[in-house]
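Each chain gets a letter, A, B and so on, in the order its sequence line appears, and its residues count up from 1.
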There are 2 protein chains.
Amino acid sequence: MDKWSQVTLNDVAREAGVSSATASRALNGTTRVRADLRERVLAAAERLAYTPNAHAQALARASSQAVGVICHDVSDPYFAGISGGVMRAAAEHDLHVIMGSTFRDPARELSYVSMMRGQRVRAILLTGSGFEDRAWQGAMREELARCAAAGTRIAAVSRHRGLRVDSVLPENRAGAAALARALLGLGHRDFAVLTGPPAITTVVDRLAGFQEALADAGVRIAPDQIVEGAFSRDGGHRAASELIARGLRATCVFASTDIMAVGALAAFRGHGLSVPGDVSLAGFDDIPVIGDLTPPLTTVALPLEEIGRRVMALALRPATAGRSRVERVPGTVVLRASTSAPAVRPLRERSPRPLTETPG
Amino acid sequence: MDKWSQVTLNDVAREAGVSSATASRALNGTTRVRADLRERVLAAAERLAYTPNAHAQALARASSQAVGVICHDVSDPYFAGISGGVMRAAAEHDLHVIMGSTFRDPARELSYVSMMRGQRVRAILLTGSGFEDRAWQGAMREELARCAAAGTRIAAVSRHRGLRVDSVLPENRAGAAALARALLGLGHRDFAVLTGPPAITTVVDRLAGFQEALADAGVRIAPDQIVEGAFSRDGGHRAASELIARGLRATCVFASTDIMAVGALAAFRGHGLSVPGDVSLAGFDDIPVIGDLTPPLTTVALPLEEIGRRVMALALRPATAGRSRVERVPGTVVLRASTSAPAVRPLRERSPRPLTETPG
DNA sequence: TGTTGACCGGAAAGCGCTGTCAGAAAGCGC
DNA sequence: GCGCTTTCTGACAGCGCTTTCCGGTCAACA
């Protein structure tokens, strides 16, 4: 009974007294069908509440109406923002999306791609960052080559080293650099960074951009002031606590992600440090709520929904031979109250080395 | 070239020197296959990077490995939380999910269901609230009946009036009531509520529960102190501003959603009102970050990820004849610093009617 | 050695749809 | 009314896979 209870095109055709071919044509409008027959078919379909079997259609047409979207974590606000754009774009193009959440497991990302290839999706959107892992990149490259051979488009958000895919590239490096310059401009010379998992390209880029801009100003971050943590509120909390445990000597802390910054803010508070009084704090992404914290967080704003929309647009554009297309999306430094000129009085925890700037 | 470049089961069979039937059996392990043949098939599949065409499989098996998930807004933290649980559960069961975001358009919800029926998904998860609209409910009921006839399971989060679906039911009413009692306990007698769109069952339930508990204590909310707004940060901001414009006479404001509460907090601040000094503020859901605001928001905590996991479990359990299954998920009142005893001095904006409680 | 049964592999029939192809019907000019 | 073109329609062959069904092999047993 399971398989027989579905209304098929044949049922509609019989009900309308035409062949299934005609019914198909009437429903899809691929060829002209005599008006009265079309009416009969449409009426029959309506009466029987016919819904075409998408699998049969996909099989016969050798293509589907689906796109695959792979992200690192659906419940992360960063992806939630991107997904919003992706879903809106999908709806506009009458596509349905198959969603995969890898929870930052590269192996799972790979298996999702192959699963989606099995689904013969029109396109696969890689909305997570790439992974800095040679072996993985190799495997992924093979997998994507198979997709390309099958005509499945690939588009990505973020840098995917060695993958040569069309992508929407948030300017993580430049954004972090701009942020660094803004913070230097506030008078800071002693920085700490809370980074994410080092295998993720976005993390690498943000850290690199930040350090480069500092280096240009002759400022270096002490290795022990760079702490690694998970991309989560609690990851940020732990990283900040670790930083404090190591001895916070910075006047300004950059968390590579807003969510981490939220955790860091809580940790600083918990340790009796005021932000920005004792230490300035900045994040990256400009996820919602971040501007409603006290103090509102300085960050680098990324137009998440637009990124989602654009990566979909990229995926829908036909493949070009040769070079892959790259659309850069700049980040905007948003200075809010969580950053200010460095405190005059050195922190207890900060080692008493001379401040080089004139205090604010 | 588009359609020919995919490796098919036949290719694998030929490569392995067996029939496609044997190849299928070897790959799926449905029947015993001589060990050496199975090896050859597996090796061939590996060599050719064979991925079965999911559409052909679904067609032949008359069932797919997909479940459909329909939510109101993917980028809303509430759904992001639920989706997290859903995606994890899906991964555990080797299912892939087709995601639909209705952006709170009932018509779109309907069309997603029918689309997913076309996809012959195993189950459809309705993770958004129901709509209080007779016509819509009728249409939805028909649609769901068709799903049931086709063996597609349906499971929902929240109340869906007149739909009789298995569901995970956050106790919105009881939770809001418990919150109300807690606030009464703090000494409040004058309340205001920022509600969401009145067509949404969750909104109705939260408001009803809140009002009931107040009524039990002989407290009534003045009609002009109930303001409707969109389910978003800005919706909350606007609603709170409107409330202030009308003349805020309450000592305590309940926003039916945490995100709205965030906006409300900002609005109060913007108007020079301190929370909880001038007015206490509470939300509902306990979305992330909410506890990291200043002050941390009082709310009713819902185990979002668990809700997601459970609705999936419900969807995977075979249908029972007769009554629909309902799993209630209690909300936990989390009192944080955004609520306190009412201020002694009456607000400028508050009309000077006598406070009935002893302050403090 | 003949017979029975267990076990396995291959041929083939679909699953529900689309698209080709050939033929029927209809329209047209003469 | 005839032959021609132009539309339309139905039969049918797949799409790639699963799953019966059937026949062949081989071990076991009489």
*Step by step, would you call B:Thr201 with B:Phe131 a side-chain contact (heavy atoms from CB on, under 4.5 Å)?*
CA-CA 6 Å; B:Thr201 56; B:Phe131 296 99; over 6 Å; no
Measuring only between side-chain heavy atoms, which start at C-beta, is [X] closer than 4.5 Å to [Y]?
X: B:Pro52; Y: B:Leu27; result: no
X: B:His160; Y: B:Gln137; result: no
X: B:Glu109; Y: B:Trp136; result: yes
X: A:Arg325; Y: A:Arg317; result: yes

*asked:* What residues from residues 25-38 of chain B pass a heavy-atom cutoff of under 4.0 Å to DNA chain D?
replied: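 B:Arg25, B:Asn28 - these, ordered by number, are the residues of the stretch whose heavy atoms sit under 4.0 Å from the strand.
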Does a side-chain N or O from [X] land closer than 4.0 Å to OP1 or OP2 of [N], or not?
X: A:Thr8; N: C:dG16; value: no
X: A:Thr22; N: D:dG10; value: yes
X: A:Gln57; N: C:dT18; value: yes

Tell me: [atom1] of [X] to [atom2] of [N], nearest whole Å?
X: B:Asn53; N: D:dG14; atom1: CG; atom2: P; result: 18 Å
X: A:Gln65; N: C:dT18; atom1: CD; atom2: C1'; result: 14 Å
X: A:Gln6; N: C:dC17; atom1: CD; atom2: C1'; result: 14 Å
X: A:Asp11; N: C:dG16; atom1: CG; atom2: P; result: 9 Å
X: A:Arg40; N: D:dG10; atom1: CZ; atom2: P; result: 9 Å
X: B:Glu15; N: D:dG16; atom1: CD; atom2: P; result: 17 Å
X: B:Leu9; N: D:dC17; atom1: CG; atom2: P; result: 5 Å
X: A:Leu48; N: C:dG16; atom1: CG; atom2: P; result: 14 Å

*Through what angle, rounded to 10 degrees, does the axis of the helix from C:dT1-D:dA30 to C:dC30-D:dG1 turn between its ends, using five pairs per end?*
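The end-segment axes of the helix from C:dT1-D:dA30 to C:dC30-D:dG1 are tilted 50° relative to each other.
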*Ring-face cation of A:Arg108 near A:Phe103 (centre distance under 6.0 Å, axis angle within 45°)*: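 A:Arg108 over A:Phe103 ring: no.
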*Show your reasoning for whether side-chain contact (heavy atoms from CB on, under 4.5 Å) applies to A:Val69 and A:Ser83.*
CA-CA 9 Å; A:Val69 176; A:Ser83 309; 5.7 Å; no
Which nucleotide in the list [options] gets nearest to the side chain of [X]?
X: B:Ser20; options: D:dT18, D:dG16, C:dC17; result: D:dT18
X: A:Leu59; options: D:dC15, C:dC17, D:dC17; result: D:dC15
X: A:Ser24; options: D:dT18, C:dT18, D:dG16; result: C:dT18

*Under the salt bridge (Lys or Arg N to Asp or Glu O under 4.0 Å) rule, what do A:Glu305 and A:Arg309 come out as? Steps first, then yes or no, please.*
CA-CA 6 Å; A:Glu305 181 163 338; A:Arg309 203 185 293 275; 3.1 Å; yes
_Does B:Arg47 have more than 12 heavy atoms from other residues, nucleotides or ligands lying within 6.0 Å of its CZ?_
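Result for CZ/B:Arg47: enclosed.
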*Does B:Gly17 or A:Asn10 map to a spot on DNA chain C nearer the 5' end, using the closest nucleotide for each?*
B:Gly17
Pairs of donor and acceptor atoms involving the side chains of residues 117-128 of chain A, under 3.5 Å and at least two apart or interchain, shall be tabulated with distances.
| unit_1 | atom_1 | unit_2 | atom_2 | d |
| --- | --- | --- | --- | --- |
| A:Arg117 | NE | A:Glu143 | OE2 | 2.7 |
| A:Arg117 | NH1 | B:Thr51 | OG1 | 3.4 |
| A:Arg117 | NH2 | A:Glu143 | OE2 | 3.2 |
| A:Arg117 | NH2 | B:Thr51 | OG1 | 2.7 |
| A:Gln119 | NE2 | B:His96 | NE2 | 2.8 |
| A:Arg120 | NH1 | A:Arg117 | O | 2.8 |
| A:Arg120 | NH1 | A:Gly118 | O | 3.4 |
| A:Arg120 | NH2 | B:Gln6 | OE1 | 3.3 |
| A:Arg122 | NH1 | A:Ser64 | O | 2.6 |
| A:Thr127 | OG1 | A:Ile70 | O | 3.0 |

